[in-house]
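The block underneath contains the structure these notes are about, expressed in structure tokens.
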Amino acid sequence: MPAWSTYHLAEFLAAVSSAETPQAAIAVGVERIAESFDAEVCAYRSAEGVAAAVGFPPGRVPVAALLAAPDDDWSTLELPGLGACPGVSVPVGSDLGTSIVLVRIDEPITTEESTMLRGMARVLGLTLRTLGALDSERALRLQQELQAVENQRLLAGVRERQTLLERLSGVQHAILMQAPRQDVLDLITEGVAALLGDEMVGLRLVDPDDADVVTLEASHGLSPEQWRAVRRTSVEAGTGGQAIIQGRLIISTDYASDAAAIGQFVASGIVATMATPVRESGMVVGSLVVASSRAGRVFTARDEEILDAFAAHVSLALTDLRTREVMNRALDDAVHQALHDPLTGLPNRSLFVDRLTQALERARRQDTHAAVFFIDLDNFKLINDSSGHARGDELLRAVAARLADCVRTTDTVARFGGDEFAIVIEDVPDLAHAEETAQRLLEAFTDPLVLGGDPVTVGASIGVVVTRGQAHADELLLNADVAMYHAKTLGKGQWSVFRPEMHTVLLDGIELEATLRGAIERDQLHLVYQPIVELDGGATVGVEALLRWTHPTRGPIPPDEFIPLAEETGLIMEIGRWVLERACRDVRSWRVPGTGAPLALTVNVSARQMHDDTLVGHLRQVLQAHDFSASRLTLEVTESVFIDQAELAGQWLAELKGVGVRVALDDFGTGYSSLSYLQRFPIDVVKIDKSFVDGLASDAADAKLVEAIVNLSQALALMTVAEGVETDEQRCRLVELGCALGQGFYFARPMPVADIRRYLDGHQLERSGSPSR
Amino acid sequence: MGTGHARCTDAFAAGREAAGAALEGPDPRLLVVFSSQAYELPRLLEGIRSAAGGDVPLIGCSTAGEIATAGPGASSVVVTAIGGEGFSVTTGRATGASDRLRDASAEAAACARENVGRAHEVLMILTDGLGGDQQEVVRGAYAAVGARVPLVGGCAGDDLRMQRTFQMHGSAVLQDAVVCASITSDAPIGIGVQHGWQPVGEPFVVTDSASNRIFTLNGQPALDVYLDRLSPPAEVARDPGAFTRFALTHPLGIRRRTSAEVRFIAEADFTDRSLGCIAEVPTGGLAWIMEGDEDSVLAATDRACTSALAALAGAAPIGLLAFDCIARRGVLGEEGISMEVERVAKHAGGAPVAGFYTYGEIARTRGSNGFHNQTLVVLALA
């Protein structure tokens, strides 16, 4: 419901404008003012006395007391028969010494009501002035024979009053019907133009964020150049500025020589201006300005009052909007919640799509580019699962802040849920700029985030699409998403610009995932085994089980393609259990060639399996079912288990070791390697990565590192296994450095069960022979 | 204060009987007569005078139903006698009121000036609700007595014929008149005002109205807008009687500073599609359809009585006068109004109750507005 005041002014206007004489207008005016405010007493007073008062029987109006009331708010006024009453007085029009006194016995007049009262008083003053003019016209008519021209003028006066009423009513109606703010303000500037007939009208309001600046909120008759010149100016510029600063109506009849004049308007021939302040809750918040280029333009008192009346309506509109804002805030909150991600406060997908649609529209119109970035965090699932959801939430908030810091405030950063974020950037000059932005976004992840005092490193993969706005928002987002998936296939921390063929790749990925899900049941997975041998002597002491997948149509899929997919989708849990079970079953009866001792088995375990609560139980069960001695089994983990979750990894490894198995650390020396892991965690075997073994013969640094690993391992009583041994030279160097075991093509490739059985049997026979290839 | 309620068909006998019963108390200072116009009113007054003598000041009016301690009535007469050392009364009247409502009201209210000053004062006004914008009556009376004197009263009825009403003053039966009684008292006087209606739905902007006639709402013919919103039975859109009966329970509300004020729509002009209300509906204002039900209307009854009695500052009431809108009768039904009068009587706690069903109610205790529709006004005397 709009503020009551708005339509009371409309009612008031209708009532006083029906009066035919000034005395009648005053009488109706004071009566309606009293009724509007539920007040008991209202009086119109001038230098001559009290012209009308309600609230007192005839002849008992306390004239002296009413005249003595100060020209302002007062706390109480002593009135006969009514006691000490609160009230206010406000001036009527610009005539000094004419005012309305309003008294409400049991409830003081509020500030908002005072503002409203001023508006009513101004309307009354305006009516009185018009009626006065009509009166003198009538007197003239009686004195002389009425002439056609005067008749016209009389008619014009009546019409003008009618026009004013219609315009003001129109404004009030717009406010009542909750018309958009701009429409209401436009009606006001148009109304002023229609009533005063001057060429230009402007409504300027002080910028709420910068009190030194005024902005042009509505205007009439300004050329685009003039509009630009005053769209945003310092607060003191122009007659309008002076009205704001001095808080009163200002007239400039020699505009060109006015110190405050705005050059653009002087240049366009403006000779006279008038401006009056616009108030909100009593504070000057702007000004309403008219400007004329008519030579000899003089602003009459009636003109002043018309401008004031419209300025009062601006106040009404602003107050009404404020009221509406307050009332709508709850609604806005609900809307905000519907359009924003509660965790990060960023726009959600709906709002993002909306903003993106607008951005595309602008790009189309202005022939510019917009870029969409689709961002997915790497390892988020790992961190969220291992460190708890609270920590995960904290991470997402920190990421949101980092992303927001990378772009302009006008760009939109959104969170789509999970660990997906999106950004739309407008006015992108070219693709290179978008690529730089993608790189900058990735670099934002370089420094670890500090969560609860602990540094956490998280990476991201980014898909980029650049468009001129021709595509639909949903389509663009999909493309950005596809590009992001492509970036993920390039490894962690990559960005990728969308290309149409990526759709095919993505579809392949989706198909691959679907097929992988059924791979176990359809018997598409199988294990191959690679012998682990003594470097010095060549005896096979164990095998490493390696997983292979034969796709029904595509044939063998490389492990580095499907294992990340299995990890990403969580299928690795089921697959991991299957591998453990199958390997133990296969290897159970295998013996070390020559000695007949049970052959050792190494099985890879994914870091993701750390979160498989059933793994330890499953392990015990498998060992028992196949009568497989725990001491024969080594579980191999990569260093990645220690990233961001070292504590938990330590506990997990200890649990596994509690079953009796040994733990090997795979790929040692790559990535995040730290020699301290070897000391801190319950590790039995260190596997030296193939990349170091490759450089053993040629690269002194690699040799040094391998030596260090071996020395440390020996000091800590750990076994070392060199991976990817391909030459005898490498084997010799490793032996020299003190490394005990190795595996690689130099000894044997990974083999299917039937082949490895034959291999073991063969070695059984050739116990002392040279290693097979 | 004493009351008498008579139902016998003979006007003289009914007047005599009711007055006789009312005059049981000492020293009558004012007689208040609420009577169905089914009686020949001059004969009725003769009957009253025959019991009360010729000197006691009297005001009264025709009704759309009478209220007495024992319950509501129709085609009956209720006479109230207010008397005792603590009261002073003067009365006034003005005729030819509809052309000059405000001045006529001020003229009738001028009687207050002749009254003896006492600690408490009220001006009771009975007027012709079919005679134009009754807010003007309140304005005239307010102009005459000022902020110091509360106003109370109601618009005479004609059993919903909507043709002509009567006012009574002294021994005269009047039409198109305003009659007033100024009552001053040593004891406190209480007034309660409640309606129990709530605005529903989106408001209309009153885009064209003159005084109490509404021509357009939201820029469209007012009658069509009203009918469109409410979708009443078909005969409401054709038959004036059906329209008035329907409109009784579907009034308009207009927004005042702190509350919604109800406006009873008395009739519609099926030719120019305008609506006629009992009081002014200002151009430029907002108007709502109002809704009430038995519960909300009865709850308002309790609140009106409670606030009237609270103003007595602890003094025991000697009687209650009720000015109850005919539209409330429409909502409550015959059984409901019996319950309502029962409730009023219960609040009176043994003191007599009198009143009538009105075409508009007057109550001003604060501010300067004081004309109401679809409202119950209760005057409590101590």
Side-chain angles (χ1 to χ4, degrees), chain A residues 1-15 17-18 27-28 30-42 52-62 79-83 85 103-107 109-110 113 116 165 168-178, chain B residues 102-103 106-107 109-113 115 117 121 123 133 135-136 138-150 182 199 202-211 218-219 253-261 279-288 364-371:
Chain A
M1 195 179 291
W4 66 279
S5 53
T6 318
Y7 45 89
H8 271 223
L9 193 69
E11 290 180 21
F12 182 74
L13 191 65
S17 64
S18 66
V28 169
V30 294
E31 191 170 82
R32 296 307 172 92
I33 288 173
E35 288 178 11
S36 291
F37 291 93
D38 274 343
E40 286 80 11
V41 173
C42 184
V54 293
F56 306 99
R60 295 196 202 161
V61 177
L79 292 172
L82 302 177
C85 308
V103 170
R104 190 163 64 205
I105 293 171
D106 57 2
E107 196 185 342
I109 310 288
T110 65
E113 287 175 324
M116 185 61 210
L165 293 177
L168 294 182
S169 290
V171 172
Q172 289 155 9
H173 190 247
I175 295 172
L176 283 176
M177 299 313 283
Q178 306 197 348
Chain B
R102 182 198 172 94
D103 290 346
E107 187 183 316
C111 65
R113 297 182 171 204
N115 202 356
E121 185 171 356
L123 182 74
D133 176 9
Q135 178 69 29
E136 285 289 283
V138 175
R139 287 187 183 126
Y142 186 69
V145 299
R148 210 175 44 79
V149 182
S182 162
E202 289 296 304
F204 308 112
V205 179
V206 181
T207 37
D208 187 12
S209 68
S211 184
N218 290 351
I254 57 174
R255 181 79 180 157
R256 286 292 156 197
R257 191 177 66 93
T258 53
S259 61
E261 214 170 77
E280 182 183 28
V281 178
T283 306
L286 290 190
W288 282 262
R364 189 211 72 82
T365 52
R366 59 186 300 282
S368 52
N369 297 303
F371 189 73

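In the text below, chain A, chain B and the rest are named by the order of the sequence lines, each starting its count at 1.
- The structure places CZ of B:Arg102 at 3.5 Å from CD of A:Glu31, a figure rounded to the nearest 0.5 Å.
- Heavy-atom minimum distance, A:Leu82 versus B:Ala147: CD2-CB, 3.8 Å.
- Closest approach of B:Ala144 to A:Pro57, counting heavy atoms only: O-CB, 3.0 Å.
- Contacts of B:Ser209 with chain A are absent, with no heavy-atom separation under 4.5 Å from either backbone or side chain.
- Here CZ of A:Arg32 is found 3.5 Å from CZ of B:Arg139. Values are rounded to the nearest 0.5 Å.
- In this structure, B:Asn369 contributes its side chain and A:Glu35 its backbone to a donor-acceptor pair below 3.5 Å.
- For A:Ala39, the part sitting under 4.5 Å from any heavy atom of chain B is the backbone (N, CA, C, O) and nothing else.
- Between B:Tyr142 and A:Val41, the closest heavy-atom pair is OH-N, 4.4 Å.
- To the nearest 0.5 Å, atoms CZ (B:Arg366) and CZ (A:Arg104) are separated by 7.0 Å.
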